[in-house]
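In the text below, chain A, chain B and the rest are named by the order of the sequence lines, each starting its count at 1.
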2 protein chains.
Amino acid sequence: MQLNVRFKMNDKLYLKNPEDSAVGRQIVSEGLKMINKLGFEVFTFKKLATEIHTTEATIYRYFENKHRLLVYLMTWYWSYLEYKVVFSINNLSSAEIKLKTIIKLLVVEPAHTQEDQFISEWEAYQLMKWEGSKAYLTRNVTKDNKNRLFKPYKDLCSRISSIIKEYNPKYKFPNFLASTVLEMSHSQKFFMENLPALTDSPEKNDDKLITFLQDLIFHTLKK
Amino acid sequence: MQLNVRFKMNDKLYLKNPEDSAVGRQIVSEGLKMINKLGFEVFTFKKLATEIHTTEATIYRYFENKHRLLVYLMTWYWSYLEYKVVFSINNLSSAEIKLKTIIKLLVVEPAHTQEDQFISEWEAYQLMKWEGSKAYLTRNVTKDNKNRLFKPYKDLCSRISSIIKEYNPKYKFPNFLASTVLEMSHSQKFFMENLPALTDSPEKNDDKLITFLQDLIFHTLKK
DNA sequence: CAAATAACAATAGTATTACTATCTTTTTTA
DNA sequence: TAAAAAAGATAGTAATACTATTGTTATTTG
């Protein structure tokens, strides 16, 4: 089975929908790869234009600036993660198993092989790890938030939050806990790979992080 | 009592020690304020030079680029936090009370009044909240880390980690937990103020965040 | 099928950024 | 008080982050 997911993207994210044309799709998919390769600060529309044999002007017809492209990509990934979460816990009846499944899903790096999707899952995962928080750590958060650009992130968070409530309806801080797990599943991986002294897993050992997060969640939610 | 703290800064952080001259100190203290005002991306050395009535060239004699200034400031703040942590738990014998004290210290915004220090604590706290992770989320992490630029952050983390171990010597993930608390004490505050849907505290209510983090830590460390 | 229209390429141009270089003046220190 | 160091003044460059214009090529629609 070769599944191909698409999400309805907020139209404030772009000037012209990149999904509607070949160039548009290239801007998004190659842009993602290039941001990962160079880092967001070094990435420019000029470089991307050269890479995909188009012009800067063309890219600017799709995205207002490179930050919008970043938010577009992150938004796609958050939606994708919510989809994966929903899919993975489908038919599971125990909230405990649901939460365990979600943590694994968040921590484990997706496979890199044969990805012929519009947006590469593996690349999106790398982006989350390295540039994810830059989507909201700007002076435009409030405006962007009003434009509902972070809705997919909030939806993902509240999806996890509701399972936390399912597990322990009396727990007072399901959103804090959900966003903590979400944030930490990515940033602790960054630490493991780049600043291992901040972690307890010097090698790329996902199991320890999974155990840590599961412990954290279930001890906290103990009834 | 008017205490004035100074830390030995890593000399890889600057080209010329800004503490040694009036302009240097202005670059640091006004630079901090300006980054907070404009946001790191919009901040430039040119603008800072105009503000403090000096030239770009002069600033470049102190710092290689604006990212180095950011790391300098963050490094100062991490050292300062460690100092505050050590100071605040001095004479406390119970590891539990130590951890509770530290969480409060991390979460509560410092007072803004009459700060005649070289670096304003309140401004540094804002910087941590808005730009903190940008210090390490770059393609230079590894190099910067080799130059020991993140040592103060690691020291702060391991300081907390050792109290966690003191509280429960059998706990397997003291570093994960310490860095989680450290990161979350700042980024959940950012969420509370800017993306409250991700939290359980719509108003600026520190108590809830403090309770959440204390719960998190003590349930996790339950023997 | 022709005409209209939208999309894209090509090109040019501007203000700002992120620097480097050089020379002069001022301040510090020996 | 002379030498050295720091700062100021000024200039310049390559790259960035855009905007605008015009011509060309697809695509849509009447």
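Note on A:Thr58: a side-chain N or O is less than 4.0 Å away from OP1 or OP2 of C:dA9. Contact check, A:Lys16 against C:dC8: a side-chain N or O comes under 4.0 Å of OP1 or OP2. Residue A:Thr55 places none of its side-chain N or O atoms closer than 4.0 Å to OP1 or OP2 of C:dT11.
Defined by atom type and a distance below 3.5 Å, a donor-acceptor pair is present between the side-chain atoms of B:Glu121 and B:Tyr80. Side chain to side chain, A:Gln126 and A:Asn36 fail the donor-acceptor criterion of an N or O pair below 3.5 Å. Counted by atom type alone, B:Gln188 and B:Thr199 present zero donor-acceptor pairs between their side chains at under 3.5 Å.
Aromatic ring orientation, A:His112 versus A:Trp122: parallel (interplanar angle below 30°, classes split at 30° and 60°). The aromatic rings of A:Phe212 and B:Phe176 sit parallel to each other, their planes meeting at less than 30°, with 60° as the upper class boundary.
A straight line from OH of B:Tyr62 to C1' of D:dA6 spans 7 Å, rounded to a whole angstrom. Atom CG in B:Leu48 sits roughly 12 Å away from atom P in D:dG8 (whole-Å rounding). If you measure from atom NE2 of B:His53 to atom P of D:dA9, you get 11 Å, rounded to the nearest angstrom. For the pair B:Asn17 CG and D:dA6 C1', the interatomic distance rounds to 14 Å; values are reported in whole Å. Rounded to an integer number of Å, the gap from CG of B:Asp20 to C1' of C:dT27 is 15 Å.
Aromatic pair A:Phe191/B:Tyr136: centroids less than 6.0 angstrom apart.
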Restricting to nitrogen or oxygen on both sides, can you table the protein-nucleotides 15-21 of chain D pairs closer than 3.5 Å?
| from | atom 1 | to | atom 2 | distance (Å) |
| --- | --- | --- | --- | --- |
| D:dT16 | OP1 | A:Lys47 | NZ | 3.3 |
| D:dC18 | O5' | A:Tyr60 | OH | 3.1 |
| D:dC18 | N4 | A:Glu56 | OE1 | 3.1 |

